[in-house]
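To find a chain, count down the sequence lines: A is the first, B the second, and so on, and within it residues start at 1. These numbers come from the heavy atoms of this one structure, side chains and all, not from hydrogens, waters or symmetry mates.
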Amino acid sequence: MPALLRRFLPVLILLALVVALPFLLKSAYQLRVATLVFTAGLTAIGLNILMGQAGQVSLGHAGFGGIGAYAVAILPTHYGVHPLAAFLIGVTAAGLVAFVVGRPILRLRGHYLAVATLGMGILIAMVIQNQQALTGGPDGMQVPRMELFGWRVRGAETWYWICGAFLIAGAVLAVNLIDSPTGRALRAVHDSEVAARVLGIDVARAKLTAFTISAVYAATGGALLAFVNAFVTPDIAGFLHSVELVTMVVLGGLGSVVGAVVGAAILVVLPQVLTVFHEYEHLAIGLIMIGVMIFMRAGVVPTLIGLVRGRSA
Amino acid sequence: MSTVPILELDGISIAFGGLKALSNVCFRVEKGEIFSVIGPNGAGKTTLFNIVSGVYRPQSGSVKLAGTTVTGEPPNRLAARGLSRSFQNLQIFARMSAAENVMVGRHLKESRNVAAHLLGLGGRDNRASRARAMELLALIGLEGEADTPAGALPYGAAKRLEIARALATEPSLLLLDEPAAGCNPVETGEIEEVIRRIAAMGVTVVLVEHDMKLVMRISDRIHVLNYGETLAEGRPQDIRTHPKVVEAYLGRHGAREAAHA
Ligand SMILES: Nc1ncnc2c1ncn2[C@@H]1O[C@H](COP(=O)(O)OP(=O)(O)OP(=O)(O)O)[C@@H](O)[C@H]1O
Ligand SMILES: [Mg+2]
């Protein structure tokens, strides 16, 4: 396989998915679920740069999603900022917060890093909860409609295509990064920090780069989700959502761009499908997740790729 | 000596808890030499490499690279000064291909513009680094394994891959920590050949190695450590017959082996 095709294969797969789904999905409801998968998938692709490439965990990434989401809610509502400007401000703010907070936090490793990022996420969620006047507190708040040059962006199908485009763009940037000097530096840090250092890599800087990029992805995903729902609640920044994001990355496959989206699909779609089981819904989700991790330890997508390769070889 | 030594250690000491791993170690390595550091297990050889490469900071003493004091500088800064090393316990990037491992060694020669990399503008660096990696893989006889995951390479090949990766930084001083450990005689011969080629390229080599035959054949000078202290230093023929070395390190069997090397 030519190198360029191999690099962009994940993008082509996702592109095919985004284009094909509207033909398969009949109701506006189904289209909306797919849109939710795309926003979560975007966040998961970013988190996978941190976790799958650089090998660093974050249990607070929902916090960055919250920053993006509440930026597009608060700034237009209270300060008359245009939603598009609010979007850019929110994403930039999340990147800045990640850059500043990441510096001290990323010196920690393993469990310590997990706990520190957890604290960071909880802190952001608490600020959102407590600033009642701005955020509406636990009840959440409405997100004003996006308007572009007099065109009111609305409708399930419109947001489907917008979020699909963001997903593809996010995938393109990610595959570019992975196959670049920066991407190699991140993967080197993952496999051996001491070897990376003696080869000239500034390990702290490499980790901070991955952390900041993944925060920007999360904020973008969060802001899109807020627009799609036209409503935000503090749950978007909460600990539980952070855990879901990590689960998406691990279930789909660490380091796999398509895997991140598959993981997002599993976590978004399963609860919708399994509502037929009523009170056993959570039990079923839990069992499926445990099953996947036992039988597909590398994650769904890498395991399937391995099976296909093994069979064709 | 008229020229400035490429590496100069002065009074290096470090202790771990109560254990004195190195006490007052001093030596100079001249440009272009193959300089070996030998000593029994636990003598402090790897610790010495960790100090020179900035992984550890010595409790006292100084490290000078080409006349500049660099004590306590982090490894990535020392890499920029032309120092590189391999590791006794393999530190390859197991999930990356052999070629990519070597390409990482080109990090300081590549652009670090993250935005450009996200936008897919890292192509020129990728091509240049890949081309250089292929040359270096050819040097160590691994050009056929360029796209093999490094974690799947046999032990001897992985050891050589570490050398190629270190060379990709274009070092003026290369520290090799037991490159022939765990290798059979054929592989050891290949490693020796590679070291000679590296020296011929003008790179100064500091070698830690337990294979005495190899050390005696290849070294210009040898420094002997025992329990963290300097025991002797000299040319191979002097070390081979040095009474203290024979007694403390080589032992009867080792002395006989070295004499026949
Ligand atoms: N990070 C560390 N923490 C505690 N003790 C250490 C550390 N590094 C080395 N030591 C101790 O310092 C001493 C010297 O170890 P070192 O690895 O430098 O020996 P060596 O000469 O390389 O031995 P070998 O030939 O077995 O590789 C040993 O007693 C070792 O246990
Ligand atoms: Mg050692």
Val114(B), Asp125(B), Ile92(B), Leu121(B): which one forms the most heavy-atom pairs within less than 4.5 Å of chain A?
Val114(B)
State, to 0.1 Å, how close Gln91(B) and Ala195(A) come at their nearest heavy-atom pair, and which atoms those are.
O-CB, 3.3 Å
Take atom CZ in Arg297(A); do more than 12 heavy atoms of anything else shown fall under 6.0 Å from it?
no
Non-hydrogen side-chain atoms of Asn76(B) and Val203(A) separated by less than 4.5 Å
no
Pick from Arg106(B), Glu110(B), Glu162(B), Arg112(B) with the largest number of heavy-atom pairs that fall under 4.5 Å of chain A:
Glu110(B)
If we only count heavy atoms from C-beta on, is the Leu118(B) to Ile213(A) side-chain gap below 4.5 Å?
yes
Heavy-atom neighbours of Tyr155(B) OH exceed 12 at 6.0 Å:
yes
Are Phe93(B) and Leu199(A) close enough that some pair of their side-chain heavy atoms sits under 4.5 Å apart?
yes
Exceeds 12 heavy-atom contacts within 6.0 angstrom, atom CZ of Arg196(B)
yes
Go through the steps to decide whether His117(B) and Asn176(A) satisfy the test side chain to side chain contact (heavy atoms under 4.5 Å, CB included), and finish with yes or no.
CA-CA 6 Å; His117(B) 294 163; Asn176(A) 282 338; over 6 Å; no
What are the two closest heavy atoms between Asn126(B) and Ser180(A), and how far apart are they?
OD1-CA, 3.9 Å
Between Arg165(B) and chain A, with a heavy-atom cut-off of 4.5 Å, which part of the residue counts as in contact: side chain, backbone, both or neither?
both
Go through the atoms of Thr182(A) and report whether side chain, backbone, both or neither lie under 4.5 Å from a heavy atom of chain B.
both
Taking all non-hydrogen atoms of both residues into account, name the closest pair between Asp191(A) and Met96(B) and its distance.
OD2-N, 4.0 Å
Leu119(B), part contacting chain A, at a heavy-atom distance under 4.5 Å:
both
Among side-chain atoms of Arg184(A) and Asn101(B), is any donor-acceptor pair under 3.5 angstrom?
no
If every non-hydrogen atom of Ala185(A) is compared with every non-hydrogen atom of His107(B), which pair is closest and at what distance?
CB-CE1, 3.8 Å
Side chain from CB out, backbone as N, CA, C, O: work out which of these in Ser111(B) comes under 4.5 Å of a heavy atom of chain A, or both, or neither.
backbone
Top of Asp179(A), Ile178(A), Val175(A), Val172(A) for chain B proximity - count of heavy-atom pairs under 4.5 angstrom
Asp179(A)
Looking at Lys31(B), I want to see if its NZ is surrounded by more than 12 non-hydrogen atoms of other residues, nucleotides or ligands under 6.0 Å.
no
Separation of Arg197(A) CZ from Arg77(B) CZ (nearest 0.5 Å)
12.0 Å
With side chain to side chain contact (heavy atoms under 4.5 Å, CB included) as the test, would you mind laying out the steps for Arg95(B) and His190(A) before giving the verdict?
CA-CA 9 Å; Arg95(B) 281 169 280 207; His190(A) 192 174; 3.3 Å; yes
Can you confirm whether Phe16(B) is buried at CZ, in the sense that more than 12 heavy atoms of other residues, nucleotides or ligands lie under 6.0 Å from that atom?
yes
Under 4.5 Å heavy-atom distance to chain A, tell me which part of Ala166(B) shows up: side chain, backbone, both or neither.
backbone
